[in-house]
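The block underneath contains the structure these notes are about, expressed in structure tokens.
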Amino acid sequence: MASIGKTRLDSGWLAARSTEVSLSGTQLTTTHPPSGPTSPWLNAVVPGTVLATLVENKVVPDPFYGLQNETIIDIADSGREYYTFWFFTTFQSKLLGNQHLDLNFRGINYSAEVYLNGHKKVMPKGMFRRHSLDVTDILHPDGQNLLAVLVHPPDHPGRIPPKGGQGGDHEIGKDVATQYVQGWDWMAPIRDRNTGIWDEVSVSITGPVKIIDPHLVSSFFDDYKRVYLHATTELENRSAWVAECSLNIQVTTGIEGNICLVEHLQTQQLSIPAGSQVQYTFPELFFYKPDLWWPNGMGKQSLYNVHITVDVKGYGESDAWSHLFGFRKIESRIDSATGGRLFKVNGQPIFIRGGNWILSDGLLRLSKERYETDIKFHADMNFNMIRCWGGGLAERPEFYHYCDIYGLLVWEEFWITGDVDGRGDPVSNPNGPQDHDLFLICARDTVKLLRNHPSLALWVGGNEQVPPDDINKALKNDLRLHPYFENSNEISKSSEDLSAVSKDPSQYLDGTRVYIQGSLWDGFADGKGGFTDGPYEIQNPEAFFKNDFYSHGFNPEVGSVGIPVAETIRATMPQQGWQIPLFKKLPNGYTEEVPNPIWEYHKYIPYSKPKKCVDQIELYGTPKDLDDFCLKAQLANYIQYRALLEGWTSHMWSKYTGVLIWKTQNPWTGLRGQFYDHLLDQTAGFYGCRCAAEPIHVQLNLATYFIEVVNTTSEELSNIAIEASVWDLEGTCPYYKVFENLSAPAKKTVPIVEMKYPKSKNPKPVFFLLLKLYHASDFGILSRNFYWLHLFGGDYKLLEPYRRKKIPLKITSKVFIKGSTYEIEMHVENVAKKADSRSLTCMNNFIAKQGNGDFDMASLEPATSGTDEKHEVGLFQRIFRCFTKENGSLKVTEVNGADVGVAFFLHFSVHALKTDHKEGEDTRILPVHYSDNYFSLVPGEVMPIKITFTVPPGVTPRVTLHGWNYHGGHTVH
């Protein structure tokens with residue numbers, strides 16, 4: 001008997017343009033199957049799109065490189081037939097007895113005809129719906145099955161107006177599909193409109209009874225001590241007799257390795273009539289003080305494995321289903337103090353700091369590996385929410401899986417945008433998609449696909465628009481809250497009371513998450529649908545702190561610049577694209593940036609706003625070349641995004657309940673609004689966010705120059721102190737203050753004291769400020785924040801000659817290798833001179849933060865300064881024991897220099913060691929996770945850094961250090 005379960009069909013696919021194939025689907029799957037990738041057939045990318053397949057086979061150039069997208073014919077000019085493709089594969093399956101086989105497509109864009117062994121099945125339209133076909137009766141007796149799928153593009157692919165526009169001519173809005181594909185002000189159009197088998201294909205084998213879409217819900221009582229798990233599932237009996245079933249639910253938690261602890265095991269008996277589908281609700285399962293799931297920065301992401309099986313008398317195990325589940329309660333309401341939507345998780349308010357997300361890749365080359373990197377990057381930035389924008393995808397279970405693991409709350413939006421659906425220019429599709437029933441089918445199926453993920457926080461009808469009235473009304477009804485979740489307080493003391501109030505919450509389509517009709521309504525922006533999100537351009541950093549910057553409680557979109565590092569520009573553009581913008585002086589004294597045509601095509605957003613904001617790159621002096629421009633842009637990126645989040649956090653709960661940055665990344669090689677580029681290299685803005693959004697934080701209010709302490713946790717901080725030191729460009733410390741006996745209440749931002757150095761006698765025009773918040777008892781660092789500042793009305797041009805200073809560094813490192821994964825632990829020390837004798841925090845003994853399970857270098861006792869080798873070896877031996885029983889050697893690298901001062905804007909990168917390196921070749925190994933980067937060290941200070949990455953086979957990595965004072969790059973490991 002074939003074993004029950006699912007097998008993915010994600011390799012061995014072929015594809016061909018339909019107009020180049022003269023055979024029918026019946027012929028392709030019986031007498032004339034393609035034999036391999038010989039013309040017109042190509043090796044296909046499945047899951048993926050037609051364009052992804054063409055790019056992979058080099059039939060068309062990479063549309064994300066330079067201006068090559070302009071050489072690819074658009075579907076508006078080619079006609080839909082040009083991007084209508086056959087996809088073909090084979091699979092082995094031989095069933096026994098009462099077994100059934102389903103052929104499953106988790107997403108096709110836009111419609112398809114499926115042929116299996118000569119038999120045709122027509123797939124209905126809609127990008128966001130699953131298809132499951134019972135093909136048991138048409139499997140080949142010998143087990144070799146031939147599958148061909150003819151995929152048609154969206155019905156209304158639209159045209160791209162000469163000026164582009166938000167969603168092209170908006171025709172795509174007539175279909176239920178991604179809308180960004182017609183181009184936006186941050187995206188070039190996708191030529192095939194994402195046509196293809198874009199999501200997982202699988203075959204699944206069951207016995208006579210099949211489990212369909214279980215729904216898991218938890219309810220909480222007695223201050224979260226007593227918890228109930230509710231579970232309902234559909235069961236389908238596909239046999240011709242009554243099935244006598246044993247239905248089992250088991251809840252386990254992992255302890256270590258493959259060892260699981262069974263928390264609950266329950267078996268229920270039921271009979272299912274022949275050929276029928278029934279809904280079954282388990283008796284609720286009781287848990288006492290289970291580990292709760294918390295968002296990033298609030299606690300652990302505890303997950304349990306819920307496993308449901310059905311055994312049929314006379315057959316055995318017929319089907320099985322499992323899902324990771326987190327016990328958590330998410331509530332939200334409009335806050336009376338701010339007018340913003342206030343979220344609570346497990347009864348605790350959470351100040352939302354996160355970002356907007358489009359999708360991982362514009363050609364839908366989606367993978368678990370990329371999703372994990374994407375989501376971990378967001379967690380690394382200390383974000384706690386991702387908004388899945390309505391013009392993109394309904395995100396996939398793999399995306400949500402990593403949001404569950406890393407603690408990112410998700411705002412999931414349906415496929416409506418103001419630009420395309422009624423509020424665009426010209427006015428577009430006021431009635432939304434043509435087929436409203438199809439929209440609702442896709443919406444309901446998406447809810448069933450995603451609803452068991454603890455990270456999913458809310459549903460939203462559309463971006464800057466509400467769905468048409470009938471769709472909106474249906475969604476409000478379908479997604480209405482169960483009475484238990486309507487009340488922000490626990491409505492009863494026992495689950496018996498809960499059951500008496502209404503039906504079991506797991507019998508709802510969702511019932512646990514709020515539905516908001518649009519992104520500008522009901523606690524977001526002005527709450528009434530006015531275009532009151534944004535702005536989307538460079539700002540003076542101090543502006544974010546001012547009371548008049550934004551007048552509503554929760555901003556769902558505020559964006560700015562995002563130029564990547566120079567290596568990414570060179571890797572994604574020809575030499576014409578390496579030309580930096582012209583800096584055009586205007587009569588009013590401001591600068592206008594004029595980018596080259598390739599940057600313009602890639603939607604570059606300038607670092608100046610004439611009449612409003614001076615050029616934030618030119619503050620450092622006019623850049624000389626691409627490397628100089630991109631390095632200065634990283635300085636601006638860091639300041640801009642740190643100030644954005646610190647400005648919002650400065651008004652936490654008093655003015656704001658949250659902010660989402662537009663946006664965190666680009667699904668192509670765009671040049672605006674991103675914290676990491678499409679090649680997965682971080683900008684300095686990434687680390688500005690990581691600094692600003694830490695749960696406990698010390699910051700400088702750039703509008704008032706007051707030092708503030710931010711405590712987003714649920715516990716008061718007491719017996720804490722702040723060390724504030726100013727360092728000038730000569731390496732002296734003209735200002736040093738310690739503020740002791742401080743406390744910071746839970747969930748508060750507290751102004752502590754004004755930083756008065758700029759008001760002192762003869763302050764330097766450019767200076768560095770280092771703030772450290774620490775426990776007075778043991779000098780354990782809670783937060784460290786480094787600023788470079790100029791006096792009011794000044795600039796940073798004195799930093800240009802500072803580049804010539806050679807500040808000596810000592811870097812102690814050790815490598816741990818597991819398979820192809822490297823972890824490098826480093827201590828970087830500024831050895832220009834001994835630490836200031838007044839400072840007791842120079843060793844940066846960081847307090848371990850609540851993390852995601854990664855080994856945290858910062859939680860270890862730091863090495864002693866100077867050259868005390870014993871202490872350093874002892875430290876690394878302690879680290880080493882965490883990874884392996886073998887002993888290894890330390891590597892100590894010294895970067896020589898005779899100057900005293902701040903080692904400014906240090907940043908590591910990882911490269912493949914190559915002997916035949918060609919000029920301009922991109923040798924970076926990506927992605928890399930850094931515990932910190934773009935950091936600075938005052939004299940005597942030590943910083944622990946952890947670097948983690950995976951290397952391709954046969955590649956030897958080298959770690960390189962660059963910095964403002966370090967130009968050539970120093971190989972440090």
Side-chain angles (χ1 to χ4, degrees), residues 537-542 560-570 573 577-585 590-596 599 602 604-610 613-644 671-677 681-689 691 702 729 765-768 786-791 794-805 807 901-909 933-936 960-969:
E537 58 203 9
I538 193 75
Q539 304 292 323
N540 291 308
E542 65 273 14
S560 192
V561 291
I563 203 77
V565 297
E567 292 94 329
T568 292
I569 298 290
R570 293 192 181 95
M573 296 179 184
W578 302 358
Q579 299 300 313
I580 62 175
L582 297 173
F583 287 79
K584 182 179 170 186
K585 288 294 179 191
Y590 285 89
T591 297
E592 179 187 349
E593 292 184 20
V594 183
N596 68 63
W599 282 31
H602 286 252
Y604 173 73
I605 187 170
Y607 284 72
S608 64
K609 183 69 177 174
C613 182
V614 299
D615 196 290
Q616 298 294 293
I617 290 176
E618 218 175 17
L619 282 176
Y620 300 89
T622 304
K624 301 185 290 291
D625 53 25
L626 181 65
D627 289 294
D628 193 32
F629 179 92
C630 289
L631 179 58
K632 288 172 177 172
Q634 298 320 310
L635 290 163
N637 288 344
Y638 194 106
I639 288 178
Q640 182 77 179
Y641 285 109
R642 177 176 60 182
L644 190 160
L671 297 181
R672 65 162 64 188
Q674 61 187 354
F675 298 126
Y676 58 95
D677 58 48
D681 200 354
Q682 299 96 327
T683 72
F686 183 106
Y687 297 97
C689 287
C691 171
L702 296 179
L729 300 184
V766 176
F767 59 95
F768 304 112
F786 181 90
Y787 294 85
W788 51 104
L789 300 161
H790 60 70
L791 295 181
D795 56 41
Y796 294 114
K797 287 176 182 169
L798 287 175
L799 285 174
E800 187 63 38
Y802 189 72
R803 294 171 98 159
R804 295 193 290 271
K805 283 217 172 193
I807 313 295
V902 170
F904 184 51
F905 216 51
L906 304 171
H907 49 103
F908 288 109
S909 56
N933 219 353
Y934 296 97
F935 60 97
S936 303
T960 302
L961 176 72
H962 286 82
W964 193 252
N965 313 94
Y966 310 92
H967 318 297

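Just so we're clear, the structure is a prediction, and the values are computed from it rather than from any experiment.
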Point to revise | Donor-acceptor pair between Thr568 and Asp677 side chains, under 3.5 angstrom | key: yes
Review point. How long is the span from the CD1 atom in Ile617 to the NZ atom in Lys632, to the nearest 0.5 Å?
Key: 9.0 Å
Study note, to complete from the structure: What one should report as the nearest heavy-atom pair of Pro623 and Ile580 is O-CD1, 3.7 Å
Check your understanding: Is it true that atom NZ of Lys805 has more than 12 heavy atoms of other residues, nucleotides or ligands lying nearer than 6.0 Å?
Key -> yes
Check your understanding: From Thr622 OG1 over to Asp628 CG, what is the distance, rounded to the nearest 0.5 angstrom?
Key -> 9.5 Å
**Study point:** side chain to side chain contact (heavy atoms under 4.5 Å, CB included) evaluation trace for Asn540 with Gln616
**Key:** CA-CA 8 Å; Asn540 291 308; Gln616 298 294 293; 4.0 Å; yes
Check your understanding: Under 3.5 Å, is there a donor-acceptor pair between the Gln640 and Asn637 side chains?
Key -> no
Exercise for review: Give me the one residue out of Tyr641, Phe686, Tyr687 that meets ring-ring contact (aromatic ring centres under 6.0 Å, His included) with Phe675.
Suggested key: Tyr641
Exercise for review: For the pair Arg570 and Asp627, evaluate salt bridge (charged side-chain N to carboxylate O under 4.0 Å, His left out) and give the outcome as yes or no after the intermediate values.
Suggested key: CA-CA 10 Å; Arg570 293 192 181 95; Asp627 289 294; 2.7 Å; yes
Review point. CG of Leu626 to CG of Leu631: how many Å apart, nearest 0.5 Å?
Key: 11.0 Å
Check your understanding: For Tyr620, is the NZ or CZ atom of Arg803 found under 6.0 angstrom from the centre of its six-membered ring and inside 45 degrees of the ring axis?
Key -> no
Practice item. Please examine the side chains of Glu537 and Gln539, heavy atoms only from C-beta on, and report whether any two atoms are closer than 4.5 Å. Key: yes
**Study point:** Stepwise side chain to side chain contact (heavy atoms under 4.5 Å, CB included) check, Thr683 with Ile563
**Key:** CA-CA 8 Å; Thr683 72; Ile563 203 77; over 6 Å; no
**Study point:** Criterion side chain to side chain contact (heavy atoms under 4.5 Å, CB included) on Gln682 and His907, from CA distance to verdict
**Key:** CA-CA 11 Å; Gln682 299 96 327; His907 49 103; over 6 Å; no
Check your understanding: Between Ile605 and Ser560, what is the shortest heavy-atom contact and its length?
Key -> CG2-O, 3.9 Å
Review point. Any chance the rings of Phe768 and Trp964 have centres within less than 6.0 Å?
Key: no
Practice item. Starting from the C-alpha separation in whole Å, work towards a yes-or-no answer on side chain to side chain contact (heavy atoms under 4.5 Å, CB included) for Asn596 and Met573. Key: CA-CA 11 Å; Asn596 68 63; Met573 296 179 184; 5.6 Å; no
Review point. Nearest heavy-atom pair of Cys691 and Arg642: which atoms, and what distance?
Key: SG-CD, 4.1 Å
Point to revise | Member of Tyr604, Trp599, Tyr607 meeting the side chain to side chain donor-acceptor pair (under 3.5 Å) criterion with Glu593 | key: Tyr604
Study note, to complete from the structure: Here the pair of heavy atoms bringing Phe905 nearest to Ser936 is N-OG, 2.9 Å
Point to revise | Nearest atoms (heavy-atom pairs only) where Gly577 meets Ile569 | key: O-CG2, 3.6 Å
Review point. Any side-chain donor-acceptor pair under 3.5 Å between Tyr802 and Trp788?
Key: no
Check your understanding: Any chance the side chains of Lys585 and Thr591 put a donor and an acceptor closer than 3.5 Å?
Key -> yes
**Study point:** Minimum heavy-atom distance Pro564-Cys630, with the two atoms named
**Key:** O-SG, 3.6 Å
Review point. Would a 4.5 Å heavy-atom cut-off, applied to side chains only, mark Ser608 and Phe583 as touching?
Key: no
Practice item. Could you point out which residue of Leu906, Val902, Asn965 forms a side chain to side chain contact (heavy atoms under 4.5 Å, CB included) with Ile807? Key: Asn965
Exercise for review: Can you label the angle between the Phe786 ring and the Phe904 ring as parallel, tilted or perpendicular, going by 30° and 60°?
Suggested key: tilted
Practice item. For Asn933 and Phe908, indicate whether the former's side chain and the latter's backbone hold a donor-acceptor pair under 3.5 Å. Key: yes
